[in-house]
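None of the values given here were measured: they were computed from a predicted structure. In what follows, every heavy atom counts, from backbone to side chain, and hydrogens, waters and symmetry copies are set aside.
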Amino acid sequence: LPAISVCGCCWALRPRYKRLVDNIFPEDPEDGLVKANMEKLTFFALSAPEKLDRIAAYLSERLTRELNRHRYGYVCIALEAMEQLLLACHCQSINLLVESFLGTLRLLLEADRPHLHILATSSFVKFANIEEDTPSYHRSYDFFVSRFSEMCHSDHEDPDTRIKIRVSGIRGLQGVIRKTVDDELQVNIWEPRHMEQIVPALLVNLEQGNSDSPAEQTEVCFRELLGRAAYGHINNAIRPVLMHLDSRSLWEGGGFAVRCFQIIMFSIQSQHSHLVIQQLLGHLDANSRSPASVRAGIVEVLSEAAVIEATGSVGPTVLEVFNTLLRQLRQSVDYQLTGYYDNAGKHKTTSFHEKTLQDAVIKTIGSFANTLPVYQRSEVMLFIMGKIPVPGIYPALGSPNTGRMIQVMLLKSLSNLLTALPSSFLEPLLSFTLMDDPEIRLLVLSILTSLIDRRHNAARITAVRSGPACRTPLSSGRLIKPDNLFIRKHAQRLYRHVFLACKEESNGPSHYQALFILLVVLSVELVSEEVLVDLIRLILALQEMGVSNQESLSVWNRCSLHAVCAAALHVLSQTGPPPPPLHQHVTQVIESRQKGAPHLLPESVLCDQPRYQNKPVCEALTGSSYSTQCERLNTPYTPQLTGKHSSPVNKFVSGFS
């Protein structure tokens, strides 16, 4: 009894704040916090804020004691009490309470019990959501960044526990971000040393997007981090992403890398998107001696990033973007020809992998071009045209194969950004119609058609046929002033190069298909009597080429020319202003050929198994508004270096005379 009295007296002499703290603990920890006594403690803390630091220190002492005795129920009660005090006390002295609180959390996170880690993280998240009234100049969160990042990599043997620990780690990082990112007085979370821990921790869980990983929670946290990034923080946030994708070889296949950058591009502020593009371009250059699959993966990500950010993604250095992509294209051609993607000749590559990369680069050039206004697209077209090597002008081409492949690749890239036709672009483009390489000539014919085909008529043309060649009616309109200027400046030059390109014996079915589409598109896009007459003259000249002994063309080439001319005249007589007599005449000639010369029609010669002779056109046009043009029509077409025509020669080509 005396001992009990002494203890009772000692307890009564203890400071009031200690008695209030002791009273919140029940005899049985399962009963939980004694709420009535907790209210008394809170009231005392609010009434005497100068005691807050002592209250926090004693609570921390009690928690540490219970933790060492493994009495985890009392540990939870002590932590709950500290949380309630934090929520209730918004005053200058709260910083003293916070220091003790964070020290307690560090103690719990250093323990070897997963449930304590989860408990401490949950408590930290509650603290992170508190808006403090006063700033803190000396608070550090370095330990929490490191510990929460480590929890995100948990490999606990129990799957359920592992998921809980990882989710807690992600929630903890989210709390650190919310607590520090908007407060300039707090630790700078955007420093590389922090980003290099946070970003990989998130990506590891985002990468394992299955039932065993908290991918959804990770994505929310990652988006929040990126959404809060200011202009100067973007590079520090993106660099660890690139390093993670490199270290884990995640560029190949492109799936996860594309998903990462889709999240990034959708999350950051739109005015910062060009910084991401620049980082990717720089990383592409840095990996110029990596396997083709890695380079193709980076290029694919670039393409997707450009599509997501439709405006402003290229940023101020427009030509630098295209210059980097074109450099990669040329480099890939060199690797394809040598069979190695390094100068030492140690690492082999294949044509298949390099062609996959080249196709990806060409697609990406088109994706970026679509983000630009028309005037900038024209500049880019001229920029690319200037990069195409031309024999005799750019002597340092390396091997002939290198020059040819680069020409093909660059011309293909042009086809992805055709929306306008600057005058300075047309002449160098037309010069490629005279190349010996049939693939290059075919590309140029397709490019010319794309440039002129503003109403998308080419897509309506199914095949070269002497009958209906279009699945839907062709669309035409009135001739506008720019069209008139184009006809006057460039039409004769265009006709000349088309005519000369048809002299090549290496032309195949695709070339004649492209020629037919180009002629039809010209007739419906540039609708005028002058254009129709010139096109008819060009077609008749091509037909004459098919029977001329001066041309070294095979029988198949000659028959193909006749077939294309018949099909083109059939379409022209239906879609343009020419009167019914011309259509009747063309129909009669086609019917005559069907009976006596089927090898001069596309159905017989431009097919999988080809089978191997004019009422004059001028008379068919007599009596219409074309009467005034008959003199010109009687003049056979000859290629013109200028817009002037040669003197009249009354001569018609066989087959239509």
Side-chain angles (χ1 to χ4, degrees), residues 14-111 113-136 138-141 143-144 147-148 168 171-172 174-176 178-180 186:
R14 300 184 71 189
R16 185 182 178 192
Y17 73 88
K18 287 190 176 182
R19 282 180 281 144
L20 290 171
V21 169
D22 289 336
N23 287 337
I24 68 174
F25 292 92
E27 292 185 6
D28 185 354
E30 293 186 2
D31 293 339
L33 185 69
V34 180
K35 294 183 179 179
N37 292 337
M38 185 65 214
E39 290 176 0
K40 293 178 183 179
L41 177 61
T42 303
F43 179 78
F44 176 79
L46 292 175
S47 303
E50 68 277 4
K51 303 282 188 178
L52 262 178
D53 57 336
R54 299 180 186 180
I55 295 172
Y58 186 59
L59 270 172
S60 179
E61 179 186 331
R62 279 293 304 259
L63 186 147
T64 304
R65 187 190 315 156
E66 305 298 349
L67 180 63
N68 292 333
R69 294 174 179 176
H70 305 291
R71 297 165 67 175
Y72 300 120
Y74 287 125
V75 169
C76 295
I77 291 173
L79 192 59
E80 184 182 352
M82 297 185 81
E83 291 173 7
Q84 291 195 22
L85 287 175
L86 278 172
L87 291 170
C89 300
H90 290 274
C91 59
Q92 293 182 355
S93 302
I94 195 174
N95 282 328
L96 299 174
L97 176 61
V98 170
E99 290 303 321
S100 295
F101 173 72
L102 293 179
T104 300
L105 295 186
R106 281 193 287 268
L107 188 65
L108 294 177
L109 288 169
E110 289 172 344
R113 299 279 179 168
H115 74 279
L116 293 180
H117 302 166
I118 296 171
L119 177 67
T121 304
S122 178
S123 188
F124 182 86
V125 171
K126 293 176 184 176
F127 161 68
N129 291 328
I130 298 174
E131 293 185 7
E132 299 182 48
D133 295 337
T134 54
S136 173
H138 306 291
R139 196 179 300 164
S140 172
Y141 295 98
F143 169 81
F144 294 99
R147 190 69 185 93
F148 291 145
S168 292
R171 293 180 65 233
Q174 197 169 13
V176 173
R178 289 177 180 175
K179 199 65 180 174
T180 61
Q186 302 286 4

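For the atom pair CG (N129) and CD (Q174), the distance works out to 9.0 Å, reported to the nearest 0.5 Å. Distance CG/L86 to CG/L97: 4.5 Å, rounded to 0.5 Å. Between the CG atom in L63 and the CG atom in L59 there is a gap of 8.5 Å [rounded to 0.5 Å]. For the atom pair CG (L102) and CZ (F143), the distance works out to 10.5 Å, reported to the nearest 0.5 Å. Here the OH atom belonging to Y17 is positioned 8.5 Å from the CD1 atom belonging to I55, to the nearest 0.5 angstrom. For the atom pair NZ (K35) and NZ (K40), the distance works out to 16.0 Å, reported to the nearest 0.5 Å.
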> Between L108 and H117, is a side-chain contact (heavy atoms from CB on, under 4.5 Å) present by the stated rule, with each step listed?
Replying inline: CA-CA 6 Å; L108 294 177; H117 302 166; over 6 Å; no
> Hey, mind stepping through R65 and E61 against salt bridge (Lys or Arg N to Asp or Glu O under 4.0 Å) and telling me if it holds?
Replying inline: CA-CA 6 Å; R65 187 190 315 156; E61 179 186 331; 3.3 Å; yes
>> Working note: F127 + L105, criterion side-chain contact (heavy atoms from CB on, under 4.5 Å); need CA distance, chi angles, decisive distance, verdict.
In response: CA-CA 11 Å; F127 161 68; L105 295 186; 5.7 Å; no
> Could you go step by step and tell me if L79 and V75 meet the side-chain contact (heavy atoms from CB on, under 4.5 Å) rule?
Replying inline: CA-CA 6 Å; L79 192 59; V75 169; 5.5 Å; no
>> Checking L67 against Y74 for the side-chain contact (heavy atoms from CB on, under 4.5 Å) test, could you report, in this order, the C-alpha distance in whole Å, the side-chain angles of both residues, the deciding distance, and whether it holds?
In response: CA-CA 8 Å; L67 180 63; Y74 287 125; over 6 Å; no
>> ring pair (Phe, Tyr, Trp, His ring centres under 6.0 Å), that's the test. Do F144 and F124 meet it? Break it down for me.
In response: CA-CA 9 Å; F144 294 99; F124 182 86; 4.9 Å; yes
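Under a 4.0 Å N-O distance rule, the pair R106/E110 does not qualify as a salt bridge.
Every residue two or more places apart in sequence or in another chain that forms a side-chain hydrogen bond (donor to acceptor under 3.5 Å, both in side chains) with R62 is listed here: D22, E66. For Q84, the side chain to side chain contact (heavy atoms under 4.5 Å, CB included) test picks out L33, M38, E80, with sequence neighbours left out. Scanning for side-chain hydrogen bond (donor to acceptor under 3.5 Å, both in side chains) contacts around E83 gives S123, K126, with sequence neighbours left out.
Distance alone, capped at 3.5 Å, places no donor-acceptor pair between the R171 side chain and the S122 backbone. Looking at T64, its side chain does come within 3.5 Å of a backbone N or O of S60 through a donor-acceptor pair.
Here the side chains of S100 and D53 are not in contact, with every heavy-atom distance at 4.5 Å or above.
Contact record, V176 with T180: O-OG1, 2.7 Å, taken as the closest heavy-atom pair. In terms of heavy-atom proximity, I24 sits nearest to A81 at CD1-CB, 3.5 Å. Summarising the geometry of L119 relative to C76, their closest heavy-atom pair is CD2-SG, 3.7 Å, with the distance given to 0.1 Å. When all heavy atoms are compared, the tightest approach of L52 to A45 is CD2-CB, 4.0 Å. Between K18 and Y58, the shortest heavy-atom distance links the atoms O-CE2, 3.7 Å. Residues N23 and N37 share a closest heavy-atom pair of O-ND2, 2.7 Å.
Heavy-atom neighbours of F43 CZ from other residues, nucleotides or ligands within 6.0 Å: at or below the threshold of 12.
At least one test fails for K51 against the ring of F44: distance under 6.0 Å to the centre or angle within 45° of the axis.
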